[in-house]
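So that the names make sense, note that chain A is the first sequence line, chain B the second, and so on, each numbered from 1. In what follows, every heavy atom counts, from backbone to side chain, and hydrogens, waters and symmetry copies are set aside.
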Protein chains: 4
Amino acid sequence: MTFPAPLTGVVPPVCTPLTPDREVDVPSLTRLIDHLMAGGVHGLFVLGSTSEVAYLTDAQRRLVVETAAGHVAGRLPVLAGAIDMTTPRVLDHARSARAAGADAIVVTAPFYTRTHPSEIARHFRLAAGAGLPVFAYDLPASVHTKLSPELVLELAADGVLAGLKDSSGDLGSFRAVVTGARSHPGLSGFTALTGSEVVVDSALALGAHGAVPGLANVDPAGYVRLYDLCVAGDRERARAEQERLCELFAMVGVGDPARMGGSSSALGAFKAALFLRGVIDCPATAEPQVPLSQEEIERVGKYLAAAGLL
Amino acid sequence: MTFPAPLTGVVPPVCTPLTPDREVDVPSLTRLIDHLMAGGVHGLFVLGSTSEVAYLTDAQRRLVVETAAGHVAGRLPVLAGAIDMTTPRVLDHARSARAAGADAIVVTAPFYTRTHPSEIARHFRLAAGAGLPVFAYDLPASVHTKLSPELVLELAADGVLAGLKDSSGDLGSFRAVVTGARSHPGLSGFTALTGSEVVVDSALALGAHGAVPGLANVDPAGYVRLYDLCVAGDRERARAEQERLCELFAMVGVGDPARMGGSSSALGAFKAALFLRGVIDCPATAEPQVPLSQEEIERVGKYLAAAGLL
Amino acid sequence: MTFPAPLTGVVPPVCTPLTPDREVDVPSLTRLIDHLMAGGVHGLFVLGSTSEVAYLTDAQRRLVVETAAGHVAGRLPVLAGAIDMTTPRVLDHARSARAAGADAIVVTAPFYTRTHPSEIARHFRLAAGAGLPVFAYDLPASVHTKLSPELVLELAADGVLAGLKDSSGDLGSFRAVVTGARSHPGLSGFTALTGSEVVVDSALALGAHGAVPGLANVDPAGYVRLYDLCVAGDRERARAEQERLCELFAMVGVGDPARMGGSSSALGAFKAALFLRGVIDCPATAEPQVPLSQEEIERVGKYLAAAGLL
Amino acid sequence: MTFPAPLTGVVPPVCTPLTPDREVDVPSLTRLIDHLMAGGVHGLFVLGSTSEVAYLTDAQRRLVVETAAGHVAGRLPVLAGAIDMTTPRVLDHARSARAAGADAIVVTAPFYTRTHPSEIARHFRLAAGAGLPVFAYDLPASVHTKLSPELVLELAADGVLAGLKDSSGDLGSFRAVVTGARSHPGLSGFTALTGSEVVVDSALALGAHGAVPGLANVDPAGYVRLYDLCVAGDRERARAEQERLCELFAMVGVGDPARMGGSSSALGAFKAALFLRGVIDCPATAEPQVPLSQEEIERVGKYLAAAGLL
């Protein structure tokens with residue numbers, strides 16, 4: 001497909017359903033994609049953090065992209081995370097994603113290593129050599145580096161970056177990219193997506209093209225409705241929809257913090273919700289994440305019920 | 001080979017020589033191993049941070065282990081890093097390392113993801129399932145988690161860990177592991193290695209079994225001499241040798257901090273030194289690291305000359 | 001005065017003008033207050049981070065509050081930072097601020113010490129004993145702790161907190177406080193203020209009561225205009241005004257990062273702008289901050305000229 | 001007194017005994033000082049982190065220095081922390097400490113503010129203007145900046161710093177200061193003290209002049225014995241004594257981490273031990289620290305009993 005420039009709308013980071021023995025559950029994955037498409041989403045982002053990309057082996061990653069790209073068959077753009085520590089490893093993932101049918105790749109700054117800003121720039125420039133559009137993934141909680149608006153705009157102006165997925169939580173910095181790109185004559189096709197679940201209305205109001213909310217796995221129609229209201233300029237109803245989604249998002253806190261990390265709790269809650277909604281067959285998360293207890297899964301159900309999703 | 005328990009002595013984290021086009025330079029790697037063995041080292045650690053493991057593709061990683069294990073042919077124990085974000089990916093590396101001939105694997109806490117202490121413990125327990133002795137690699141600068149002495153000792157007592165490679169820089173915490181293991185009847189075979197270049201004498205004096213200093217690539221004989229002096233109880237000469245090595249270690253600062261990160265500077269300096277000493281054919285480091293300038297490489301030469309190594 | 005509940009509008013964190021020998025410049029401070037009031041601001045926050053509170057001695061802090069409270073004489077509410085490491089020291093500042101005429105105090109979580117969440121809660125509960133309304137100041141960049149929405153709402157519900165000044169940069173977390181307070185019957189008087197310069201429109205759109213932007217020292221009328229447009233629901237003109245202020249805010253980057261920190265650059269730029277606009281007599285910042293060069297001050301002037309403020 | 005250059009031996013950071021209503025307990029403080037002097041210590045450091053300096057008001061700080069300096073009456077050097085966010089506030093504390101009889105001041109890098117390395121240097125240079133010898137206090141856990149060996153040595157060479165109290169936990173960096181000062185002709189009087197409790201033998205072996213261990217409040221004679229053994233070159237008995245003190249130091253972990261921070265647990269344990277040994281009248285710590293429970297205090301007693309200190 002010709003990749004949209006800019007890409008607009010709701011682009012969920014697709015959960016990766018697993019079997020009880022932690023293999024990719026392909027039938028569940030295709031059902032999840034059908035569920036998302038039925039909700040009206042505008043693209044798919046596989047192999048993101050919400051997809052548990054950090055836990056998937058190379059073979060599993062490839063299977064996920066093949067399954068998604070094959071099932072979507074060009075009806076939506078499919079972005080694939082090429083997430084690894086440094087450039088040579090990212091390029092391997094990028095080649096694999098391309099061969100498996102991805103339309104674009106999403107790349108973070110290097111991690112594990114400590115890199116200089118000039119090395120981060122070089123990393124993205126080399127990643128662009130893989131032959132697919134590159135989205136920068138700004139995720140300081142994972143990679144411990146914040147991408148500056150100046151760097152993102154410089155790489156965009158040089159044709160290195162097709163877009164930004166901002167999961168930094170820093171809306172002011174994101175705005176600097178959005179307004180900077182808008183005022184640059186060569187960047188009319190540059191895409192700025194927020195990774196937030198809870199300030200999508202704010203991000204769209206200041207000029208973002210779309211959103212990549214993990215919670216859109218659970219309620220894709222809700223985020224599409226929110227997007228449509230924002231585009232229509234109906235700010236009050238958009239705010240109400242966003243606040244409803246914020247309440248639903250509180251499910252990420254069901255896991256007992258004495259027993260598991262916040263990340264395991266959030267990913268476990270999304271998968272439990274998809275399981276309870278009948279979309280996927282098994283709510284398992286990948287090792288070594290601690291699973292939600294039966295009681296915690298039931299609390300996820302209460303959030304769904306309160307949102308009218310059960 | 002039967003893996004020594006405990007493993008004692010100098011176990012360099014072996015640099016990975018690269019060709020100008022960033023492929024593994026196998027002839028240089030075998031020469032480097034010969035150089036280390038001629039220096040008297042007691043084991044080899046391939047695919048550690050100093051080996052640029054974060055920058056090597058899976059194929060390159062496998063080639064490094066095959067080359068090292070094949071060339072050593074059982075004359076020394078070969079430890080291989082199985083460095084990746086989470087358990088399933090680490091297990092893939094572990095299987096590859098085992099098939100390629102490694103005698104033990106070295107594993108960090110998960111990174112990129114944010115994990116709970118109970119998940120870190122589970123990670124190591126599962127890693128032990130790969131069928132090779134597991135060394136925990138405590139490297140908070142890279143993985144942003146510190147392994148507590150309590151966790152290390154618990155995992156050791158349960159037979160999960162064969163040893164610890166401590167690169168935390170926290171000698172007090174390392175001491176807690178060393179003395180804790182010593183006083184535990186079941187842990188007489190547990191190995192505690194320091195990853196420091198500059199307080200090896202201190203670590204050995206408090207009971208460490210050995211050291212994994214990156215600088216031992218450049219001056220293996222110096223670290224072996226230091227180890228022998230410490231074992232012989234000649235503390236004054238040990239201190240003098242350690243201080244000589246500290247002066248040599250200052251080479252890691254040759255890179256201009258305005259232009260590159262500290263990690264690129266240090267790895268560049270080690271490789272430049274090996275190149276200048278005639279051990280490897282090319283001082284290139286992996287992408288996206290900024291290379292040392294010609295003038296900076298010449299400054300590395302001055303450190304070598306001052307140490308009588310040229 | 002009866003303290004407004006909630007407090008709404010623009011409440012600038014007032015710069016502290018200094019003489020060339022780093023004493024509080026009282027005439028400049030009163031002129032600055034007149035300048036802010038002429039701009040239409042709705043309250044004053046003295047002794048915040050923008051006020052260089054961390055650099056002012058106890059005597060200087062007292063003089064600032066006395067000057068501001070005396071000059072304002074009840075025409076506007078005056079909030080005073082009571083910023084120190086722990087509770088007993090904060091209480092000393094709170095008593096001093098109260099005696100000097102402040103209407104409310106602004107208190108961060110403890111810093112320098114490492115405190116448990118239960119100790120942070122206790123800290124705010126004890127601070128409320130000083131007899132003035134307490135605003136929590138969420139400033140993780142300085143105190144290295146983030147106040148959770150749950151804690152803020154719990155303390156608000158218990159009558160401990162009168163409001164929140166959020167400088168965390170995390171608009172999603174701020175929204176959780178805003179919507180949580182709105183849905184709580186007892187919290188209709190609770191005040192939620194954003195400390196951002198660059199997403200004031202976003203914060204007001206989701207329900208914030210006001211803003212505390214450091215840049216409002218330089219352009220108070222601009223922020224008041226922005227606030228009025230937001231209240232009037234004219235979102236497009238609000239966005240345009242916000243974007244104009246974002247461009248002006250870029251002045252914080254005039255200082256050379258090789259020579260000074262970002263904080264010195266930003267505070268230096270605000271003071272240089274006030275100096276160039278004729279509001280204060282001297283642009284000096286407190287020790288040990290590196291001052292802007294003459295050339296950097298001239299670049300501040302260009303930002304002012306572009307904004308029509310010269 | 002003429003301040004020793006270098007200062008050698010054991011210099012405890014003196015706990016600040018408090019009454020049940022959190023006033024400085026002067027009789028307990030003088031008894032604690034007698035207890036330390038009876039143990040043979042070589043100097044006193046009041047108003048350090050172990051002294052709960054962050055929790056003491058200015059009046060309490062002054063009372064502590066007056067009490068200590070008055071009671072010691074020149075028999076030992078008295079160092080006083082001048083701990084605050086920035087230079088002007090530190091200078092106020094320094095003047096107060098000087099007037100109260102301190103012989104030297106101990107100063108950290110600025111905190112709360114984010115400062116550039118050049119501003120940190122300027123901070124120490126200005127602090128030296130207070131007219132007392134200045135010790136740099138390297139405490140990154142509190143101030144979130146590490147003092148580089150290069151900066152410490154530069155300031156020492158310029159006559160700004162009389163010494164270093166290293167609580168960074170990074171023995172390699174400390175060694176760089178120790179050996180750097182030793183090889184510099186003008187720095188024969190420069191003092192390098194470790195703040196560690198658990199690697200004092202290691203620090204002395206590599207050339208430190210002394211130690212500032214918080215646990216020396218509880219067992220001053222033990223640390224003096226350790227120091228004497230190190231000076232005598234009896235490394236094996238020194239190591240045994242150090243390991244005994246490491247076991248005693250484990251008392252810092254008695255506090256339940258679900259209920260309090262590690263700092264509250266450690267300070268609570270030291271004070272509980274002094275209370276149980278009959279040195280001070282009340283084990284209270286300052287607000288807002290959570291106090292140890294009765295059961296936790298009893299566990300401190302077991303550590304003392306095991307060490308033969310009850």
Pick one of side chain, backbone, both or neither for [X], based on which atoms fall under 4.5 Å of a heavy atom in chain B.
X: A/Ala258; result: backbone
X: A/Arg125; result: neither
X: A/Pro117; result: neither

Practice prompt. Select all residues of residues 282-298 of chain A having any heavy atom within less than 4.5 Å of some heavy atom of chain B, and report them by number, or 'none'.
Written response: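 Answer by number: A/Glu287, A/Pro288, A/Gln289, A/Val290.
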If we define contacts as heavy-atom pairs under 4.5 Å, which of [options] has the most with chain B?
options: A/Ser142, A/Gly261, A/Gly262; answer: A/Ser142
options: A/Arg122, A/Glu52, A/Gln60; answer: A/Arg122
options: A/Ala141, A/Pro257, A/Pro88, A/Ala54; answer: A/Ala54

Fill in: salt bridge (Lys or Arg N to Asp or Glu O under 4.0 Å): pairs with one or both residues in residues 15-26 of chain A, sequence neighbours excluded
none
Fill in: Least distance between heavy atoms, B/Thr86 atom then A/Tyr55 atom
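Smallest heavy-atom distance, with atoms named: OG1-CA, 3.1 Å.
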Worksheet item: OG1 of A/Thr57 to CG of B/Leu91: how many Å apart, nearest 0.5 Å?
Response: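 Interatomic distance, A/Thr57 OG1 to B/Leu91 CG, rounded to 0.5 Å: 10.5 Å.
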Worksheet item: Atom CG of A/Asp92 and atom CG of B/Leu56: how far apart are they, to the nearest 0.5 Å?
Response: 11.0 Å
Practice prompt. Applying side-chain contact (heavy atoms from CB on, under 4.5 Å), name anything that partners A/Val198, two or more places apart in sequence or on another chain.
Written response: A/Ser196, A/Cys246, A/Phe249
Worksheet entry | Residues that B/Ala104 engages under side-chain contact (heavy atoms from CB on, under 4.5 Å), provided they are two or more places apart | B/Phe3, B/Leu79, B/Pro133, B/Phe135
Practice prompt. Please say which of A/His116, A/Arg114, A/Glu119 ends up in a side-chain contact (heavy atoms from CB on, under 4.5 Å) with B/Ser264.
Written response: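 Option passing the side-chain contact (heavy atoms from CB on, under 4.5 Å) with B/Ser264: A/Glu119.
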Item to complete: Please examine the side chains of A/Arg61 and B/Arg89, heavy atoms only from C-beta on, and report whether any two atoms are closer than 4.5 Å.
Response: yes
Discussion item. Looking at B/Arg259, is its backbone amide N or carbonyl O close enough to the side chain of A/Ser118 to form a donor-acceptor pair, meaning the two atoms are under 3.5 Å apart?
Written reply: yes
Practice prompt. Would you tell me whether B/Ser49 and A/Tyr112 have side-chain atoms, one donor and one acceptor, within less than 3.5 Å of each other?
Written response: yes
Worksheet item: Can you check side-chain contact (heavy atoms from CB on, under 4.5 Å) on A/Val53 and B/Met85, steps first, answer last?
Response: CA-CA 9 Å; A/Val53 65; B/Met85 298 172 240; 6.0 Å; no
